Amino acid sequence: MRLVFTEEQEELRRSVRRLLEKTSASRELRQVIDSDLGYDPEVWALMADQMGLQGLAIPEEFGGSGYGWMEQVAVLEEMGAVLLCSPYFASVILSATMLLSIDDPEARRDLLPGIAGGQSIATVAFTEDDGRWHDAPIRTTARPGDGVWCLDGHKTYVLDGMTANLILVVAATPGGASLFAVDARSPGLVRTPLETLDQTRRLARLELRGTPARLIGAEGAAKAALARTLDLACMAIAAEQVGGAQRCLDMSVEYAKTRVQFGQPIGTFQVIKHKCADMLLEVESARSAAYYAGWAAGEDPEALPAAASLAKAYCSRAYCHVAAENIQIHGGIGFTWEHDAHLYFKRAKASELLFGDAGEHRELLADRLGIESLRLGGGRIDA
Amino acid sequence: MRLVFTEEQEELRRSVRRLLEKTSASRELRQVIDSDLGYDPEVWALMADQMGLQGLAIPEEFGGSGYGWMEQVAVLEEMGAVLLCSPYFASVILSATMLLSIDDPEARRDLLPGIAGGQSIATVAFTEDDGRWHDAPIRTTARPGDGVWCLDGHKTYVLDGMTANLILVVAATPGGASLFAVDARSPGLVRTPLETLDQTRRLARLELRGTPARLIGAEGAAKAALARTLDLACMAIAAEQVGGAQRCLDMSVEYAKTRVQFGQPIGTFQVIKHKCADMLLEVESARSAAYYAGWAAGEDPEALPAAASLAKAYCSRAYCHVAAENIQIHGGIGFTWEHDAHLYFKRAKASELLFGDAGEHRELLADRLGIESLRLGGGRIDA
Amino acid sequence: MGNSVHPDTDESAIVDAAIAKLLQAHPPARTETQELLGAVFDSGLAWIHFPVGIGGLGLSTVLHQYVYSSLTAAGVPDYISETPIGYGMAGPTIAEHGTEAQIAHHLRRIFTGEFVWCQLFSEPGAGSDLASLSTRAVPTGDGWLVNGQKVWTTLGHLAQYGLLVARTDPDALKHQGLTYFLLDMTLPGVEVRPLRQMSGDAEFNEVYLSDVLVPDSARIGGVGEGWGVAMTTLANERLVLGATTPRHGGAIDEALALWSAREDKTSAAARVLRDRLLDLWIRDDVAWLTGARAAQRRESGPGPEGSVSKIARSSINQQTYELCADLRGAASLIYSAAAALDGTAQPGYMFLRSRAQSIEGGSSEVLRDVVAHRVLGLPPSHRPDKGIPWNEVPRS
Amino acid sequence: MGNSVHPDTDESAIVDAAIAKLLQAHPPARTETQELLGAVFDSGLAWIHFPVGIGGLGLSTVLHQYVYSSLTAAGVPDYISETPIGYGMAGPTIAEHGTEAQIAHHLRRIFTGEFVWCQLFSEPGAGSDLASLSTRAVPTGDGWLVNGQKVWTTLGHLAQYGLLVARTDPDALKHQGLTYFLLDMTLPGVEVRPLRQMSGDAEFNEVYLSDVLVPDSARIGGVGEGWGVAMTTLANERLVLGATTPRHGGAIDEALALWSAREDKTSAAARVLRDRLLDLWIRDDVAWLTGARAAQRRESGPGPEGSVSKIARSSINQQTYELCADLRGAASLIYSAAAALDGTAQPGYMFLRSRAQSIEGGSSEVLRDVVAHRVLGLPPSHRPDKGIPWNEVPRS
């Protein structure tokens, strides 16, 4: 098991950090939040053209660079640190993974190069109004039509659903949960933006009324693909959470060194020191969990489901706690709209709720491994 | 609702405190712990003869003083503060309550005056090897014999089971769970002392092999009586817990003021201050819960079951936490056999486990009230 | 903390008689609000612990909660919730430290809500360390010239008056160079700007004071004695704050409602949410009981136990509103900051708003220090600003 | 904390070759223990980061854990668990600060377990504030006359040698008046008394030093330089401590076993216990992963991250053993302190023993201070004992 980065991976991380520091600092973040589009197309293009980030983990044959998941972890950690507003997660993590998890070479050839190059923005629409992420009943239906399939139903909490030009929809056919590609300009598709708690990640609700769609892979193939995609999404969001949590800690430490009350920096107060020490403990622990999941994604696929739930459960709580403490340490100023602390707090809670909260993932972990096999030497997680 | 004591009640508390300070301080506590008997008969006699404590809440017609439960709360709080080793809880709280909860005037006349006067030491034996306290199946059986009943089975975790001369045993008859009085010298009764985590409260296991016994009340009457006795026992142990927790806080504050490290009393360290402040918060909160249960016991019997579970759940956790923090604040010395801190820690955990732990009482609370009725204006607990 | 006090039966009789007389003479359903509240004031039921003639009956505070509950139950408008700063802070401060003229001018109007008040204590550089505040009041021929910036001013945009603490002697020790004023908010140079918080609304304001000329008649307490007066204001704040939450109300009621509405009550994850709910329900009820017990114990005025309650309350509320978010699950991803700014109620608002509860009105950290020193008697920590004139103490 | 280091492939090759050669020449199953351990030492696998010739190979510590696992898996006795103080503290201290004679006399015997060691640092008056210790060493013609009392001395009753820090200059600042000795525990005047702890056993000892005449050849490091040497001892302690807990072992394994053995797995209360178990399982595994990650990152020697691990570990262990007590329910009421004194294993022992984990080897409070200062760079707090000679600092 390898939980550290190579020098090459660290160099990638530093490049991403430099790009984001230049293009996506706090001022730019506020502009993007208030923009109609919700992301900065210039930054998106820089990410693709200068650094090839969208294609990082996509195989070379589909226009990507074929790197592994640990590279992706490093990139996502940096994006999480600056709360990057972009359809990266929807397009690269969710959609590319979904396409790569279903056996349909033609669809891959058609759709992945656009995602890898950043020309296409894709998303996956699977959750419905019941808000369930795992093993949820699929009420959206697909019926075969004249050369194409037609979809009816609704989807919600769709990441970047308004900006995506390609929407991968999970719908039920007689053969089971199946994946369909929908062009965002299709007739019968009504997209409504949702006002979100997390101001840095856009969501939409979709209504599908006889919307034409292309079947990806076989009927019934979406169930397993969605499960794998969710595992990788949990791993990926855990990496983002680590980056955000680290930034909260950094903000707190910096503020504690400079804010003076009672004639001394508040960082001289032992209680502030201990809060920061506990935050460090949680951030470093979260980092271990996320890197472990990243390692499992690449090197031990059998261990991935449990590792992903472990990471999602731990990192979600750690980020929420650290983001709340960051507000507390800042006092009144940390509670204002103008200060960034609340953006991290909201991101923390929203990313806990996305794809299932900590309690749900603790249960998933036990279900997946069987609680008996958690014992010493009993579990596949021992890898 | 009345959560404070009258001047008369406070005077009673002060008298009890004076007696216990004189007779049951740390040095005497160690002697009693190491003694065969497990309590000091002289102190027991003083409690009865000087102060009438054993008969405090027993009606006057049965030799007691007929005071209410708030007086009992004040007394138990002081006993908990010094970890008094005595069969008071078994005899006065469990046994007298059990007898007063079953309609059997003759048994009351026969048995209560001895308990009230301290000449008789009684206990209640209800738990069996499965260690369940509430609604447990009763496997000990009673069969009618020649003028008396005969009991077969076993009972365990019997408080002061070795010293009691009168044992009230819950056993099953065709009419249901029933109460029987057993003379401790009876044939067929084998009593085995248990080595206990809590060195200040003795337990025993009993085997009953055709042991002769006297039926108290009607067949089947023990179920309701035991439920009421357990409610009052939870209320009473919560009062003890408050006393013990307060003492832990007092020890910590005193030590923090006098122990010098780094050239200053450790109480000048903000983290120690905050630990103590949080301990105070928990102790005062626990006190509110215990007094509320004490008030309900006397004034609002319908609210008692929920109030007792509330108090048992809250005070158990508060005492465990405060006792653990007390060891932590004392550092190494607090971890030694010679220091009293561990006696409080063990008492705290054992008294959480007795009669059901915090998690179990949270559930009992919800079951008893119905979670719906916990809402504003919905619950009887609103009283 | 052993000794206890319980309501004197004489006090109960006096209060009950006054209430009965008031309600008979001024039936709430048929009396205009201002008149009704004026009558409550005149009958001494406004602040029962004030002297007779200025809204009180000269009693202890023990029956404060009882009077409030009785009157509002009988249909008297909720005078605490509607004028929290006037009732809870301005009234007691003026009653204790005001001149006869100030008492006559303000108290009745505070109670009837005619004068809305705000509090001008906190500054960007003086949060936990309130006594380090920098707003200056310089004596002029006609009074005082005030310059500075205040923040976290609830009701600042509606208030006619503000409770202002300003520095009049920068060469004195920080607690000793302060003076307290009853500031007319309509004076030239007072500018109120809304301050938006993380929940999206602008409950608070910033108040900029630029060359505001304040007459000396607005001063309350002596020059340099402002800190003592401010302590009166803050000590009374808590007497009022605790009074308005009913048992099992607020956060825990919202959580229970969400639980009731929930479909999945039996999955393993739901069971765990349920236990969190029960644990918080117990802690909430115990906090309520502690408040009730403190009220029964309190003979005269608020004590430092109020700090304990506030620490507990803010933590319970934050955890309960986070539980509410978890109970709502994915639906909690939706929130409208724009609606919050418009004042529209929505789920999730209190999840955000409650984060301030452990900061405003004394952070939990500062309150734990207070409890450790004043209740437990633990020794003071080193303070580099102690014994040093204000203008020589480092500030950020 | 971004940069990472991974094992140099050359180091792997060197280590693998040394292990293979050792196991071939001295098959563990057919070699007597002392001889086998001696051979491990001679092949440089005892402490791979020590110089060649004194038990090491001159490598980094990165493969420390790998070597230990490989050797013990191949049947070499667990040299860390069996000589924790000798291996983890005495060895590195002597290697770094010892004279040639001291190195030659001690290191091999430490590793083979021939010399058992104990640590004589803590005193009743010097716990968290170790540097304030009072044990005096006064120079005499023949060496040093030592008087004082030490406490918390693991293995004190079995040890031939003790790592002793004593005060040689009371007029110096507290860190500067200390000197370090390799104390022969068989010297006259050394008295070891068992110290019983709350679990009932006597794992620790008190050591009374009464006019013990210590030769100057037992001194390690310069006079007045004892604190620096002691820092080496303590820094190395943690390198060793973390190494012995297998993944999912210890507390969490006991909790899982109790869960498996439990009848009631589905009641509401059981579900909540189960969630506590899962939460602790995750935290335990994450702590293990953090240890593994730190080991992979560590190029040379232990860093302050060890403090973070110890804080986490002690808290997780305490909570997990308390969960074990709750899982056993009423059965946890039974415990035999007498059996503990006899060394008999019993459930509940670790519930009590684990309370010391947040105190011994640096309390969690002191470690959080260390993390805040050394890792996060937060400013130091005021220390009244700073810059003052030891004999003028207040002590209790």
Side-chain angles (χ1 to χ4, degrees), chain B residues 1-7 9-10 13-14 17 246 249 252-253 256-257 264-265 267-270 272-289 291-292 307 309-311 313-315 317-318 358-359 361-363 365-366 371-372 374-379 381-382, chain C residues 1-7 246-250 252-257 259-260 265 271 274-279 281-298 305 307-309 311-312 315 364-365 367-373 375-382:
Chain B
M1 181 189 315
R2 184 172 171 73
L3 304 173
V4 295
F5 292 99
T6 62
E7 184 45 41
Q9 289 165 337
E10 285 295 342
R13 174 203 292 282
R14 283 192 291 270
R17 183 178 297 177
Q246 177 71 55
L249 170 60
S252 287
V253 169
K257 287 177 184 171
Q264 57 195 318
T268 54
F269 288 101
Q270 195 187 23
I272 300 291
K273 283 189 220 273
H274 284 207
K275 268 187 201 291
C276 290
D278 285 336
M279 289 163 78
L280 174 72
L281 192 159
E282 293 192 59
V283 171
E284 286 296 318
S285 302
R287 179 166 279 130
S288 305
Y291 291 2
Y292 170 61
S309 280
L310 174 112
Y314 191 91
C315 297
R317 290 320 302 153
H361 278 284
R362 283 198 293 274
E363 282 306 324
L365 176 68
I371 197 165
E372 291 300 324
L374 297 177
R375 286 199 67 188
L376 183 58
I381 203 168
D382 258 284
Chain C
M1 308 186 70
N3 272 2
S4 67
V5 173
H6 63 106
R247 194 172 182 182
H248 312 148
I252 201 69
D253 189 55
E254 184 173 327
L256 284 162
W259 175 263
S260 299
K265 291 193 172 81
R271 281 282 168 187
R274 181 172 181 271
D275 190 62
R276 278 170 66 193
L277 174 58
L278 292 171
D279 183 46
W281 188 89
I282 288 173
R283 288 168 57 200
D284 176 81
D285 200 44
V286 170
W288 187 90
L289 289 166
T290 299
R293 192 164 62 86
Q296 290 176 13
R297 284 179 55 227
R298 197 158 43 203
E305 306 90 346
S307 300
V308 175
S309 289
I311 297 166
S315 164
S364 295
E365 289 74 25
L367 294 179
R368 284 191 181 91
D369 281 346
V370 169
V371 169
H373 296 145
V375 185
L376 298 175
L378 287 167
S381 304
H382 173 75

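Fair warning: this is a prediction, and the values are worked out from it, not measured in the lab.
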query = What closest approach, in Å, do B/Leu280 and C/Val308 show between heavy atoms, and which atom pair accounts for it?
reply = CD2-CG2, 3.9 Å
query = Are side-chain heavy atoms of B/Gln270 and C/Arg368 found at a separation under 4.5 Å?
reply = no
task = Measure across B/Cys276 and C/Leu378 and return the closest heavy-atom pair with its distance rounded to 0.1 Å.
result = CB-CD1, 3.9 Å
ask   = If you count heavy-atom pairs under 4.5 Å between each of B/Ser288, B/Ala311, B/Ala286, B/Gly359 and chain C, which one has the most?
value = B/Ser288
remark   = Heavy-atom nearest pair, B/Ala277 first then C/Val371, reads CB-CG1, 3.9 Å
query = Is a side-chain donor or acceptor of C/Arg293 paired with a backbone partner of B/Glu284 at a separation under 3.5 angstrom?
reply = yes
query = Taking all non-hydrogen atoms of both residues, which atom of C/Leu278 and which atom of B/Ala366 are closest, and how far apart?
reply = CD2-CB, 3.6 Å
message = If I measure from the heavy atoms of chain B, does C/Ala287 come under 4.5 Å with its side chain, its backbone, both, or neither?
response = neither
query = With only heavy atoms counted, which part of C/His373 is less than 4.5 Å from chain B, the side chain, the backbone, both or neither?
reply = side chain
query = Does some side-chain heavy atom of B/Tyr292 sit less than 4.5 Å from a side-chain heavy atom of C/Val286?
reply = no
ask   = So, B/Lys273 side chain and C/Pro379 main chain: donor-acceptor pair closer than 3.5 Å or not?
value = yes
ask   = With respect to B/Tyr314, which candidate in C/Asp285, C/Ile282, C/Asp279 satisfies the side-chain contact (heavy atoms from CB on, under 4.5 Å) definition?
value = C/Ile282
message = Less than 4.5 Å apart, side chain to side chain, heavy atoms only: is that true for C/Arg247 and B/Met1?
response = yes
message = Is it the case that the side chain of C/Ser381 and the backbone of B/Thr268 share a donor-acceptor pair, with hydrogens and angles ignored and the cut-off at 3.5 Å?
response = yes
